[in-house]
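In what follows, a single structure is set out as structure tokens and then discussed.
Order of the sequence lines sets the chain letters (A, B, ...), proteins ahead of strands, with each chain counted from 1.
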Amino acid sequence: MIGDAVLVFNRMPRQDTISWNSVISGCSSNGLNSEAIELFIRMWTQGQELDSVTLLSVLPACAQSRYWFAGRVVHGYSVKTGLIGETSLANALLDMYSNCSDWQSTNQIFRSMGQKNVVSWTAMITSYMRAGLFDKVAGLLQEMVLDGIRPDVFAVTSALHAFAGDESLKQGKSVHGYTIRNGMEKLLPVANALMEMYVKCRNVEEARLIFDRVTNKDVISWNTLIGGYSRNNFPNESFSLFSDMLLQFRPNAVTMTCILPAAASISSLERGREIHAYALRRGFLEDSYASNALVDMYVKCGALLVARVLFDRLTKKNLISWTIMIAGYGMHGFGKHAIALFEQMRGSGIEPDAASFSAILYACCHSGLAAEGRRFFKAMQKEYKIEPKLKHYTCIVDLLSRTGDLKEALEFIESMPIEPDSSIWVSLLHGCRIHKNVKLAEKVADKVFKLEPENTGYYVLLANIYAEAERWEAVKKLKNKIGGRGLRENTGYSWIEVRSKVHVFIADNRNHPDWNRIAEFLDDVARRMRQEGHDPKKKYALMGADDAVHDEALCGHSSKLAVAFGVLNLPEGRPIRVTKNSKVCSHCHEAAKFISKMCNREIILRDSSRFHRFEGGRCSCRGYL
DNA sequence: CTAGGGTTAG
């Protein structure tokens with residue numbers, strides 16, 4: 001009841017230092033940061049005596065509001081009066097500077113401290129973490145122990161948080177051991193921090209074990225594991241845990257941001273809409289995290305217009321909101337819209353960062369806007385001083401490859417200041433296929449095989465390039481080379497949601513109860529395609545009649561099956577939404593185009609790199625597969 | 001009257 005406390009304070013006939021301290025600390029612990037700082041200034045200018053508790057009470061307010069200047073003043077006063085010699089005050093200064101991202105001052109104070117206690121060390125761990133220097137935390141922890149300080153619950157949770165951010169499972173496990181040895185692993189903050197560490201290190205099973213052993217779970221425990229399942233691609237586990245939660249615990253707005261990505265990852269519009277309705281009823285959409293996650297969910301479920309309406313209604317758009325929408329237009333092939341939005345964002349005074357540039361470059365790339373893409377790439381470096389990362393380079397290589405500037409793309413890769421990864425070479429390899437440059441393809445494929453020898457899909461890609469050039473002897477040679485590796489390992493699959501049920505189609509899945517109807521329908525489609533002059537040329541290398549291993553073994557044309565299932569089972573007029581775990585093959589792409597015209601239906605297909613919207617025999621990707 | 005910790009969106 002800070003308001004009442006202030007009233008009492010104001011009516012006191014005489015206030016001493018303790019009265020002032022009480023009310024200042026009351027303000028800062030209730031989030032009234034500017035009020036705390038104002039009171040502090042009034043106290044000082046009125047000549048009231050300040051002591052170390054005064055400074056300790058105002059510093060958290062400076063830290064929380066990132067009011068560096070006020071903190072600096074307190075620091076100066078502490079040095080002049082010698083109060084900085086008190087460990088507790090120095091600790092508060094550490095946290096203030098670390099919150100204000102003044103890394104240098106934090107370090108300087110820590111080094112000059114005579115007496116360091118467990119709080120000082122914990123503040124430093126947090127500070128390293130905030131500065132992104134995760135790798136230094138382990139060393140700091142060791143130093144701390146050597147200094148004779150035993151990490152307590154606070155130190156442990158801080159360190160775990162750092163190891164989560166760094167994905168250092170080994171260090172995290174060693175802290176886990178420490179917590180068990182010291183009997184603190186069941187304390188809620190520790191258990192939650194351990195779960196977060198395991199989840200971020202992609203070990204959800206271990207996180208689950210901890211979750212099941214915690215008896216007094218709080219909302220953070222639930223959210224951590226639900227979010228853990230989502231981010232590690234276990235959408236079903238995420239949904240089922242969320243259902244469990246609804247039966248015994250009240251979710252909050254953070255829960256929405258943990259569960260929504262699960263719906264987004266499998267493009268489940270029905271699930272997404274259920275969560276939307278729930279969040280709306282509970283008033284969670286006031287939360288900027290939740291509403292951004294909601295827009296992203298609609299984007300990824302292919303409901304671009306709904307996403308846009310919700311985006312427009314956001315009362316406060318931050319960098320994340322804009323980036324979600326820009327990336328959304330990019331995924332759906334609306335490059336021009338993405339650019340317009342990007343400019344609008346800059347006009348509203350929001351500065352793009354590395355991630356938003358990767359969204360806009362991606363958008364240019366998937367709409368074939370080469371000149372614009374290059375312009376953004378330049379602006380990013382020159383105007384915004386952002387160092388391009390692999391993602392950005394990949395977009396440019398993709399752009400140059402698609403437009404046929406293969407030589408320039410190669411030179412671009414060779415001139416990169418950072419080591420190119422396989423995906424960059426794969427972009428160029430796809431370019432070689434589109435523009436039929438076998439010679440360069442061989443050279444590039446060699447790089448890809450060296451970097452990813454296990455990924456058989458790339459051998460198929462090269463074989464297809466040979467085949468399209470009718471270089472059959474080279475196809476044969478390559479086939480012999482890869483013969484024993486089993487091309488069926490990474491199968492593609494597609495899924496579609498019909499009446500709240502997800503139907504998954506894998507290559508040649510004849511087990512589906514509707515198989516006969518699907519086959520019949522697709523036979524009909526193939527016959528009509530032939531009648532209209534679509535020639536199913538045997539242009540794909542591994543499709544030789546003599547060989548069981550062919551392109552289809554890796555695709556199985558699962559998207560075609562899912563589309564057919566949709567046509568047969570969804571009411572007329574409803575769009576058919578299919579999702580695929582890898583790139584759609586050109587065969588399915590052609591078939592989807594044809595079906596959209598033949599049945600007069602809208603087909604929205606999300607593959608691993610973008611959305612394809614088929615209508616009247618055309619696709620929104622305009623050939624930029 | 002006083003210092004450090006755990007969940008979330010691109």
Report summary line: Here the residues of residues 224-243 of chain A within 4.0 Å heavy-atom distance, strictly under, of DNA chain B are A:Thr224, A:Arg231

Requested in this report: Could you tell me whether A:Ser158 contacts a base, only the sugar-phosphate backbone, or nothing, with contacts defined as non-hydrogen atoms closer than 4.0 Å?
Outcome: sugar-phosphate

Query raised in the report: When the ring planes of A:Tyr362 and A:His366 are compared, do they come out parallel, tilted or perpendicular, using 30° and 60° as the limits?
Result: tilted

Report task. Give, ordered by number, those residues of residues 95-103 of chain A having at least one heavy-atom distance below 4.0 Å to an atom of DNA chain B; if nothing qualifies, reply none. Result -> A:Asp95

Query raised in the report: Taking DNA chain B as the partner, which of residues 47-85 of chain A come within under 4.0 angstrom of it by heavy atom?
Result: A:Val53, A:Leu56, A:Ser57

Query raised in the report: Hey, is the side chain of A:Asp152 pairing donor to acceptor with the base of B:dG4 inside 3.5 Å?
Result: yes

Query - Rounded distance in Å - CD1 (A:Ile210) to C1' (B:dG6) - result: 12 Å

Query raised in the report: Looking across every strand, which nucleic acid part, if any, lies under 4.0 Å from A:Ile324 by heavy atom: base, sugar-phosphate, or nothing?
Result: sugar-phosphate

Query raised in the report: Taking atom types as they are modelled, is there a donor-acceptor pair under 3.5 Å from the base of B:dG5 to the side chain of A:Asn192?
Result: no

Identify every side-chain donor-acceptor pair in residues 248-269 of chain A under 3.5 Å, counting partners at least two apart or on other chains, and give the distances.
unit_1, atom_1, unit_2, atom_2, d
A:Asn252, OD1, A:Asn223, ND2, 3.2
A:Asn252, OD1, A:Val254, N, 3.1
A:Asn252, OD1, A:Thr255, N, 3.1
A:Asn252, OD1, A:Thr255, OG1, 3.0
A:Thr255, OG1, A:Asn223, OD1, 2.7
A:Thr255, OG1, A:Asn252, N, 2.9
A:Thr255, OG1, A:Asn252, O, 3.2
A:Thr257, OG1, A:Val254, O, 2.7
A:Ser265, OG, A:Ala262, O, 3.0
A:Ser267, OG, A:Lys300, O, 2.7
A:Ser267, OG, A:Arg606, NH1, 3.0
A:Ser268, OG, A:Arg271, N, 3.3
A:Ser268, OG, A:Glu497, OE2, 2.5

Query - Whole angstrom value for the distance that separates C1' of B:dG6 from CG of A:Leu160 - result: 9 Å

Query - A:Asp166/A:Lys136 ion pair, N-O < 4.0 Å - result: no

Query raised in the report: Taking the six-membered ring for Trp, are A:Tyr393 and A:Phe377 parallel (under 30°), tilted (30 to 60°) or perpendicular (over 60°)?
Result: perpendicular

Query - Of the listed nucleotides B:dA3, B:dG10, B:dT8, the one nearest the side chain of A:Thr323 - result: B:dG10

Report task. Give one of base, sugar-phosphate or nothing for A:Lys200, where a contact means two heavy atoms less than 4.0 Å apart. Result -> sugar-phosphate

Query raised in the report: Base, sugar-phosphate alone, or nothing: which one does A:Asn252 contact when heavy atoms must sit under 4.0 Å apart?
Result: nothing

Requested in this report: To the nearest 0.5 Å, tell me how far A:Leu319 CG sits from A:Asp353 CG.
Outcome: 4.5 Å

Query raised in the report: Can we say A:Arg346 and A:Glu343 salt-bridge, meaning some charged N sits less than 4.0 Å from an Asp/Glu carboxylate O?
Result: yes

Requested in this report: May I ask you to decide if A:Ser288's main-chain N or O and A:Ser291's side chain share a donor-acceptor pair within less than 3.5 Å?
Outcome: yes

Query raised in the report: Does a distance-only test, which skips hydrogens and angles, find a donor-acceptor pair under 3.5 Å between the side chain of A:Asn318 and the base of B:dA9?
Result: yes

Requested in this report: State which of B:dG5, B:dA3, B:dA9 makes the closest approach to the side chain of A:Arg130.
Outcome: B:dG5

Query raised in the report: Under 3.5 Å, side chain of A:Asn182 to main-chain N/O of A:Met184, donor-acceptor pair present?
Result: no

Query raised in the report: When we call it a touch if two heavy atoms are under 4.0 Å apart, what does A:Val23 touch: a base, just sugar-phosphate, or nothing?
Result: nothing

**Report entry** Heavy atoms of other groups near A:His392 NE2, more than 12 under 6.0 Å
**Finding:** yes

Query raised in the report: Could you give the distance from CE (A:Met43) to OG (A:Ser57), rounded to the nearest 0.5 Å?
Result: 8.5 Å

Query - Check: A:Gly335 main-chain N/O paired with A:Glu372 side-chain donor or acceptor under 3.5 Å - result: no

Query raised in the report: Where the side chain of A:His161 is concerned, which of B:dG4, B:dT7, B:dC1 is the nearest nucleotide?
Result: B:dT7

Report task. Would you please test A:Thr106 and A:Ser98 for side-chain hydrogen bond (donor to acceptor under 3.5 Å, both in side chains) and show each step? Result -> CA-CA 6 Å; A:Thr106 313; A:Ser98 132; 5.4 Å; no

Report task. Could you name each residue pair satisfying salt bridge (Lys or Arg N to Asp or Glu O under 4.0 Å) that touches residues 51-73 of chain A, not counting sequence neighbours? Result -> none

Query raised in the report: Of all the choices, B:dG6, B:dA9, B:dC1, which nucleotide is nearest to the side chain of A:Asn21 once you look at every atom?
Result: B:dC1

Query raised in the report: With respect to the side chain of A:Ser88, which nucleotide from B:dT2, B:dG5, B:dT8 is positioned closest?
Result: B:dT2

Query raised in the report: Has the side chain of A:Ser28 got a donor or acceptor atom that lies under 3.5 Å from a matching backbone atom of A:Ala36?
Result: no

Query raised in the report: Is A:Thr157 side chain donor-acceptor paired with the B:dG6 base, going by distance under 3.5 Å alone?
Result: no

Query raised in the report: Counting side-chain heavy atoms from C-beta on, which of B:dT8, B:dG5, B:dC1 comes nearest to A:Ile18?
Result: B:dC1

Report task. Give, ordered by number, those residues of residues 350-362 of chain A having at least one heavy-atom distance below 4.0 Å to an atom of DNA chain B; if nothing qualifies, reply none. Result -> A:Asp353, A:Ala355, A:Ser356

Report task. Name the nucleic acid region contacted by A:Leu294, choosing base, sugar-phosphate or nothing; use a 4.0 angstrom heavy-atom cut-off, strictly under. Result -> nothing

Query raised in the report: For the side chain of A:Glu49 and the backbone of A:Thr17, is there at least one donor-acceptor N/O pair under 3.5 Å apart?
Result: no

